[in-house]
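To start, the structure itself, in structure tokens.
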Amino acid sequence: MTQTITVIRGDGIGPEIMDATLHVLDAMQLGLQYEDADAGMAALEKHGELLPQATMDSIRKNRVALKSPLTTPVGEGFSSINVELRKRFDLYANVRPARSFANTRSRFGAGVDLITVRENTEGAYSAEGQALSEDGETATSITRTTRRGSERIVRYAFELARRTGRKKVTVVHKANILKSTSGLFLRTARGVAAEYPDIECNEMIVDNTCMQLVMRPEQFDIIVTTNLFGDIISDLCAGLVGGLGLAPGANIGTDAAIFEAVHGSAPDIAGQGIANPCALLLGAVQMLDHLGLPDKAARLREAIVATLEAKDSLTPDLGGDGNTMGFAKAIASRV
Ligand code: NAI
Ligand code: MG
């Protein structure tokens, strides 16, 4: 196989966790080729812009990118690069698995194994229609939900269930109150669900979902929901399994997909070689799945699990005294 991947090393701890991740991928001898591309502060320093055209071209050509966290400069005139990438490539599905691991600060033992599929391009996060009255006393914003946007995200969730052998999709909504927007999403979801009689489908209102997730997370398999609810729920789920150090995410569109860690560039520990590479490595697991290599994805995931179980070379955030590359080597020795 010769698959080229756009590699964005990012800012802060980004280069450190990317080195670690590529070390493990290399140990698997998958024949992957890497094409480096800059984004974020690294790109601003080198090329004078946060998201250079060359980076866009690389992602468009290779269709798959592995991306470390980027620092978005604080201040006027800089929009989030992650949001920009989502928009430019129409990365409509944000896919975040949450599975319990040994030796992490998880409250639920081994009981959590779910995936949140969040609509990534519309809903309450549309840039349009955000307004503040002239006197500054009243703010309004428009929530925009389309049948097309709802249908493709729900279909993605059901296809994911089929592909990965999962049994149930929970449609999370607030159609009882948000009758137009959430109502359209729910009705569309019901239509799609009818095409997948082999997958169980249930509906749950978002506030109840939050309580259920905390009390009985094992009842969930795949959750599909709109942008704002998905943003909040996916972080809640990351918390269920021990926090951001173990939370990967994929942004998937029709023409491109970007795999990443959910956490940021962690400037407080950058350059010290102690960042936990697991989240980006789990992003690489999602990437291998996406590339049609489910066996390799499973092997990588099992190596990560085994290393956590053995408490081998864990980084300080996991209570160990290891370092980023040492941890990566421990994982690489198990792939
Ligand atoms: P953060 O996730 O970078 O850090 C929060 C806390 O978690 C810090 O104490 C950090 O040391 C720790 N942490 C994060 N990842 C870790 C890892 N792999 N190993 C060990 N500890 C880890 O969030 P923060 O501080 O709010 O944001 C820092 C920068 O990152 C900002 O510029 C923000 O815009 C950017 N950011 C970028 C994201 C992306 O590119 N996907 C996502 C979130 C934030
Ligand atoms: Mg979020």
Side-chain angles (χ1 to χ4, degrees), residues 7-21 24 37-45 50-51 55 59 65-75 78-86 91 94-96 98 101 104-105 116-121 123-125 210 225-239 241-251 258-284 286 304 308 313-328 331:
V7 167
I8 300 173
R9 308 176 78 79
D11 302 314
I13 60 170
E16 301 163 45
I17 59 174
M18 186 60 81
D19 282 345
T21 299
V24 178
D38 295 314
M41 293 304 278
L44 191 62
E45 277 156 29
L50 288 166
L51 189 56
T55 300
I59 298 171
L66 188 61
K67 176 184 145 301
S68 269
L70 308 174
T71 301
T72 297
V74 180
F78 295 110
S79 68
S80 156
I81 308 147
N82 296 313
V83 172
E84 195 58 34
L85 283 168
R86 247 172 241 173
L91 303 174
N94 185 245
V95 183
R96 298 218 350 214
F101 295 98
T104 59
R105 288 168 302 147
T116 309
V117 177
R118 161 190 170 194
E119 203 293 320
N120 222 6
T121 58
Y125 289 2
C210 290
T225 190
T226 45
N227 205 339
L228 170 61
F229 299 159
D231 190 5
I232 297 166
I233 282 177
S234 56
D235 269 31
L236 194 163
C237 292
V241 296
L244 285 180
L246 296 153
N251 293 283
I258 301 178
F259 299 85
E260 63 185 348
V262 167
H263 61 70
S265 54
D268 53 332
I269 57 165
Q272 298 177 29
I274 55 165
N276 177 1
C278 273
L280 188 60
L281 274 162
L282 290 164
Q286 284 185 281
I304 297 167
L308 288 168
S313 313
L314 302 188
T315 45
D317 61 299
L318 297 173
D321 56 6
N323 59 56
T324 308
M325 202 32 113
F327 194 11
I331 294 168

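In each ligand, atom 1 is the first atom listed, and ligand 1 is the first ligand listed. This one's a predicted model, so the numbers in the text were calculated from it and none came from an experiment.
- The two residues Gly273 and Asn323 have their closest heavy-atom pair at O-CB, 3.1 Å.
- Atom numbering of ligand 1 starts at 1 in the shown order; those under 4.0 Å from a heavy atom of Glu260 are 41 (N).
- For atom 27 (O) of ligand 1, no protein heavy-atom neighbour is present inside the 4.0 Å cut-off.
- Put simply, the side chain of Gln286 gets close to the backbone of Val95: a donor and an acceptor are under 3.5 Å apart.
- The nearest N/O/S atom of Asp231 to the Mg ion (ligand 2) is OD1.
- Separation of atoms CD (Glu119) and CG (Asp231) is listed at 12.0 Å; rounding is to 0.5 Å.
- Protein heavy atom at the shortest distance from atom 32 (O) of ligand 1 is Thr71 CG2, 3.3 Å.
- In terms of protein heavy-atom proximity, atom 4 (O) of ligand 1 is nearest to Ala266 CA, 4.2 Å.
- With a heavy-atom cut-off of 4.0 Å, Asp268 touches ligand 1 through its side chain alone.
- Residue, atom and distance of the protein heavy atom nearest to atom 43 (C) of ligand 1 are Gly264 CA, 3.5 Å.
- Distance check for atom 11 (O) of ligand 1: a protein heavy atom is found below 4.0 Å.
- Under 4.0 angstrom from ligand 1, there are no non-hydrogen atoms of Asp11.
- Of the protein's non-hydrogen atoms, Pro267 CD, 4.5 Å is the one closest to atom 25 (O) of ligand 1.
- When side chains are defined from C-beta on, Pro69 does not count as touching Glu260, because their heavy atoms never get closer than 4.5 Å.
- From the protein, the heavy atom lying nearest to atom 16 (C) of ligand 1 is Ile13 CD1, 4.0 Å.
- Not a single protein heavy atom sits closer than 4.0 Å to atom 6 (C) of ligand 1.
- Taking a cut-off of under 4.0 Å to the non-hydrogen atoms of Asn82, the atoms of ligand 1 that pass are 38 (C), 39 (C), 40 (O), 41 (N).
- Looking at atom 37 (C) of ligand 1, its nearest protein heavy atom turns out to be Leu70 O, 3.0 Å.
- Proximity of a side-chain donor or acceptor of Asn94 to a complementary backbone N or O of Asn120 within less than 3.5 Å is not detected.
- Side-chain atoms of Phe101 and Leu282, non-hydrogen and from C-beta on, do get closer than 4.5 Å to each other.
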Hey, mind stepping through His263 and Ile13 against side-chain contact (heavy atoms from CB on, under 4.5 Å) and telling me if it holds?
CA-CA 10 Å; His263 61 70; Ile13 60 170; 3.6 Å; yes
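- Looking only at heavy atoms of the protein, atom 19 (N) of ligand 1 is closest to Asn276 N, 2.9 Å.
- Taking a cut-off of under 4.0 Å to the non-hydrogen atoms of Pro69, the atoms of ligand 1 that pass are 39 (C), 40 (O).
- Residue contacts with ligand 1 include Ala275, since one of its heavy atoms falls under 4.0 Å from the ligand.
- Close approach of ligand 1 to Lys67 is summarised as follows: ligand atoms under 4.0 Å from at least one heavy atom of the residue are 40 (O), 41 (N).
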Check the pair Thr315, Ile274 against side-chain contact (heavy atoms from CB on, under 4.5 Å), reporting the backbone distance first and the verdict last.
CA-CA 6 Å; Thr315 45; Ile274 55 165; 5.5 Å; no
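- Nearest approach of Asn251 to Arg86, heavy atoms of both residues: OD1-NE, 3.6 Å.
- For ligand 1, the atoms closer than 4.0 angstrom to any heavy atom of Thr72 are 32 (O), 34 (O).
- Note that CD1 of Ile8 is 9.0 Å distant from CG of Leu66, once rounded to the nearest 0.5 Å.
- A donor-acceptor pair under 3.5 Å links the side-chain atoms of Thr324 to the main chain of Ala275, judged by distance alone.
- Of all the heavy atoms in Ser265 and Asp11, the pair that sits closest is CB-O, 3.4 Å.
- Residue contacts with ligand 1 include Val262, since one or more of its heavy atoms lies under 4.0 Å from the ligand.
- Heavy-atom proximity to atom 31 (C) of ligand 1, evaluated over Ala39, Gly40, Ser265, is greatest for Ser265.
- Note: Leu51 CG to Ile59 CD1 = 7.0 Å, rounded to the nearest 0.5 Å.
- Of the protein's heavy atoms, Ile269 CD1, 3.6 Å lies nearest to atom 20 (C) of ligand 1.
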